[in-house]
Amino acid sequence: MKLISCHIENFGALHSCDFTFSEGLNTFCSPNGGGKTTLADFIKAAFYGLPAATARSRFNARRRYRPFSGGAFGGNVQFEWKGADYRIERFFEGSSGDCVTVYRNGAVTREFAGREPGVAVFGLDAQSFERTLFISGVEGELSPTGGIVARLGDYNSPEDGENAAESAAAVLERAAKNLQGRGGKGLIPALEQSEKQLSAEIANINAVSARLGEKYAERAAICSRLPRVPSAEGRPQSQRDRLAAELDYKRERAARILASYPAGLPSAEEIAALCGGAPRKDGGAKNNMRLPAALSFALSSLLIAAGIAFMFFSVLVGVAALCAGVLFAAATLGILVLGKRHPAARTDAEGVLKKYNLTGVSAAVAAAGMERDATEYAALKREIEEGEAMLFREGCDRSAQSGEDAETLRRRLAAVDRDISCDEALIEGLDERLAALDDVRAELAERRRQYSAYTAAAMFIRRAGEELGEIYAAPVANAFSRYCAMLHSSPGGSVGMGKNYEVTLEGGGRLREEGHLSSGQRAAVGLCFRMALAESLFPSDRPFVVLDDPFADLDEDHMARAAAFLSSLAAEWQIIYFCCHPSRKI
């Protein structure tokens, strides 16, 4: 890439001026006020524009170069790039706003639409352009911009001005901090607190469920000690009516319990299966068939004996009785054998839940409800039988064991009923809390996995970014050392460049800050620094370099070295060099 020409119309001290540029070194030497810096700034402004000038802004280039007489304010720059001829026409309008038109091979083009031509052509923002290809005076930072670092590493767009590895690591670290922050903040501590609270609630519900059986037993005991109502004979009608009403209520309650179990009340074996234990061993199951079987065998033996006896009087009657006894005994034996061959199988918890249409309910809750209903139904059945008998029995059978009157027992019964109701309501929420605990634990495991992944990835990316930075900094450091050697710039020690592109100065066995450089030394080192960056940024298609009198503070010996240095650079670079004194003319 190279500049061809430019035309300036009313830009500062320059009016209707034309300039042409050749390859290699282009030197413009004129006294102060001759327009050297104006020309240099116009070249930069053609590619990047001028900052806005507002009432509150400081005195800037737009105010400086705007003509007092008004009129057209700007010009054009022609250059060759990628085998085509380009022309940028830019005129500045008042305090802000530019009118920009770009031509390619004589025709208007919109390939730079939406961005400054300098960004499109050089791949650098305005600040990065001033740190590399536009060298003005001896002041300036001896460090690259974020856009330059990104462009050198080629792992971020030049407009971003930020190291991609550092940015990505920061994003991951912020995400990890949202999960696990300091002081117990973040999503993970909140989930851990939820897990702890749900676990405590479930443990409390299980403890309540374990004590519920005792409360059922206590209720049944209180009911058994309540005073019996007097019999109907010789008692007032109101007491008989009250007893009848209580019996009606108990019958209705017992009917509701039965109605809630269409398949019949659950057995002790089914409740034990839900609890994961063996059925209660009360001996009833084993002895259900022993007494009927014994009676059946006794009857069959009696028939056989009668048949033998009747044969002495009537053969026909004796044979009939004998056959009946044999058949009866055989039938009884068959029933016993079949009963042993087909014992009742224990129903597992899943089968019990399915039988009573309780799928989706935990076995513990179902067992507690079934045991409660079975206990209550048994108590109601007993009380109904006793109440019905008391209607026909005289006297009043009061409880002599407890020593408590009826009102006290009823108050105790009401309190126990309230406790049982509260406990049952609490137990009904067990399934919901168990499901919530599973969800919390699953999410907690996932968040912990994410946190580990975020922190590990951030550390890896940051380390990789540092290593990558060292890799991309090496060519710049080598070029910087080579240029310093060409310029013979050795300011009281060796000058080098660190992995972060910082200029280092070593002398007397210690590292020093670059602020120790004198103005002349800084000018020489600054030129080497910027040319090293430019060489790494543009390894093949070398653009032009503008130098606006950078050697004003060099002595005669160092100026001679700088002149030789620029002459050698002109073999590869187009250099636009401005100076104001013949001693610095090259």
Side-chain angles (χ1 to χ4, degrees), residues 114-115 119 122-132 141-199 436-480 496-504 511 513-514 529-530 532-539:
R115 54 179 176 168
V119 174
F122 304 112
L124 300 171
D125 55 33
Q127 185 183 18
S128 300
F129 178 78
E130 293 176 356
R131 293 278 182 95
T132 52
E141 295 289 338
L142 292 181
S143 62
T145 64
I148 294 174
V149 174
R151 174 75 183 277
L152 288 171
D154 196 25
Y155 51 91
N156 203 1
S157 61
E159 293 88 348
D160 290 342
E162 188 176 9
N163 185 295
E166 184 68 24
S167 176
V171 169
L172 290 171
E173 288 171 348
R174 285 195 297 270
K177 186 176 181 179
N178 290 335
L179 293 176
Q180 182 80 64
R182 292 183 179 180
K185 297 180 179 179
L187 184 57
I188 290 177
L191 289 172
E192 290 174 343
Q193 182 62 29
S194 298
E195 180 189 27
K196 183 178 179 180
Q197 181 177 352
L198 286 170
S199 298
L437 181 60
D438 290 340
D439 293 340
V440 167
R441 284 175 174 171
E443 184 177 1
L444 183 58
E446 176 63 18
R447 297 304 183 186
R448 285 171 174 166
R449 185 195 64 78
Q450 289 179 354
Y451 177 77
S452 299
Y454 288 159
T455 52
M459 182 180 65
F460 175 78
I461 290 175
R462 196 179 297 279
R463 185 183 304 163
E466 293 175 355
E467 295 176 355
L468 191 62
E470 294 178 2
I471 293 174
Y472 285 108
V476 182
N478 294 334
F480 177 68
M497 179 180 292
K499 64 179 181 180
N500 294 322
Y501 303 98
E502 73 277 9
V503 174
T504 61
L511 290 175
E513 298 179 359
E514 47 90 9
F529 177 79
R530 284 164 170 75
L533 291 176
E535 178 180 307
S536 298
L537 289 171
F538 306 99

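Just so you know, residue 1 is the first one in the sequence shown, and it goes up from there. Values below: every heavy atom of this structure, side chains too, minus hydrogens, waters and symmetry copies.
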* May I ask you to decide if the ring planes of Phe122 and Phe129 are parallel, tilted or perpendicular, using 30° and 60° as cut-offs? => tilted

* What distance do Gln193 atom CD and Leu444 atom CG have between them, rounded to the nearest 0.5 Å? -> 12.0 Å

* Asked: Can you tell me how far the CG atom of Leu172 sits from the OH atom of Tyr451, to the nearest 0.5 Å?
  -> 12.5 Å

* Asked: After noting the C-alpha distance and the side-chain angles of Ile148 and Thr145, does the key distance pass the side-chain contact (heavy atoms from CB on, under 4.5 Å) rule?
  -> CA-CA 5 Å; Ile148 294 174; Thr145 64; 3.2 Å; yes

* Structure fact -> Residues at least two apart in sequence or cross-chain that pass salt bridge (Lys or Arg N to Asp or Glu O under 4.0 Å) with Arg449, listed by chain then number, are Glu446

* Do you know which two heavy atoms are closest between Gly184 and Pro189, and how far apart they sit? -> O-CB, 3.2 Å

* Partner residues of Glu535 under the side chain to side chain donor-acceptor pair (under 3.5 Å) criterion, sequence neighbours left out -> Arg482, Tyr483

* Set of residues satisfying side chain to side chain contact (heavy atoms under 4.5 Å, CB included) with respect to Ser452, sequence neighbours excluded -> none

* Asked: Between Glu192 and Arg448, is the closest basic N to carboxylate O distance under 4.0 Å?
  -> yes

* What is the minimum heavy-atom distance between Ile461 and Ala169, and which atoms define it? -> CG2-N, 4.2 Å

* **Nearest heavy-atom neighbours spanning Ala532 and Val476** => CB-O, 3.7 Å

* Asked: To the nearest 0.5 Å, what is the distance between OG1 (Thr132) and CD (Glu130)?
  -> 9.5 Å

* Distance in Å, Arg447 CZ paired with Gln180 CD, rounded so as to fall on 0.5 Å steps -> 13.0 Å

* Does Arg441 reach the main-chain N or O of Glu195 with its side chain, forming a donor-acceptor pair under 3.5 Å? -> no

* **Nearest heavy-atom neighbours spanning Ser199 and Leu437** => OG-CD1, 3.8 Å

* Structure fact -> In this structure, CD of Gln450 is separated from CG of Leu179 (nearest 0.5 Å) by 6.0 Å

